[in-house]
Amino acid sequence: MDFSLKNKRAVLFDMDGVLYDSMPSHVSAWVRALAEFGYNMSVLDVYLNEGCTGAQTIRSISEREGKGEVSDEDIQRMYARKTELFMQLPQVNMMPGALEVMRKAAAGGLQIQVVTGSGTGGLIERVQRDYEGYVVRPLMVTAFDVKRGKPYPDPYLKALEIGGITADEAVVVENAPLGIRAARAAGIDVIAVNTGPLDDAILLREGPVGLFNSMQELADSLKV
Ligand code: CA
């Protein structure tokens, strides 16, 4: 399938699982960190919660595990440990094909923005170097810029606001069900890219306009 960006003015990229092949490292860090605190978090749990802030993820796992309310202090300790374990892992690679998608979009005159639930400083800094000339901090939205993360529409609404564009003028590239839900809640068309282990159906039921199986496949199909 060919996908056209005609009539669009901006592409909003999610980061983990879209611009970086970082989800396997997040999975490893989450599963180990939460196990240390007595929680049983599975690989699929990580992918199903992807896009949420760390605090929201911990709250939903705690509820699912029947452990009830978690104090803000405990949440901070758990998320700090998860971040620490993530940083100890080998540096993650850029997602194959992602730079080409960005280059094509920029060549077509589209504005590039990154919208991530991540609060992990390392990648937020790195993305500006790895995607230099395309990604700039003033047009990025991170966990530090909004109170409510995905699946609330807030990060995407913030991106529209700072980007000076309307929902109709934007298109989002997302790999996570809750990320797609957030963008749809903001009224924005979404291209789903299934770079993880979830069934396509789980992403498709959130209502993307199309689904690709890799960023390279999207790059090959993109018309601007
Ligand atoms: Ca993602």
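In each ligand, atom 1 is the first atom listed, and ligand 1 is the first ligand listed. Keep in mind that this is a model prediction, so the values were computed, not measured.
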For Asp145 and Arg137, run salt bridge (Lys or Arg N to Asp or Glu O under 4.0 Å): C-alpha distance rounded to whole Å, both residues' side-chain angles, the deciding distance at 0.1 Å, then the answer. CA-CA 11 Å; Asp145 302 311; Arg137 184 66 183 91; 3.4 Å; yes
Of all N/O/S atoms in Glu50, the name of the one nearest the Ca ion (ligand 1): OE2
Between Val92 and Ser25, what is the shortest heavy-atom contact and its length? CG1-OG, 3.5 Å
Compute the angle centred on the Ca ion (ligand 1) spanning O of Asp16 and OD1 of Asn175, and express it rounded to 10 degrees. 90°
Residue Asp14 atom name (nearest to the Ca ion (ligand 1); N/O/S): OD2
Nearest heavy-atom pair of Tyr47 and Gly196: which atoms, and what distance? CE2-CA, 4.0 Å
Between CZ on residue Arg205 and CG on residue Asp199, distance to nearest 0.5 Å: 9.0 Å
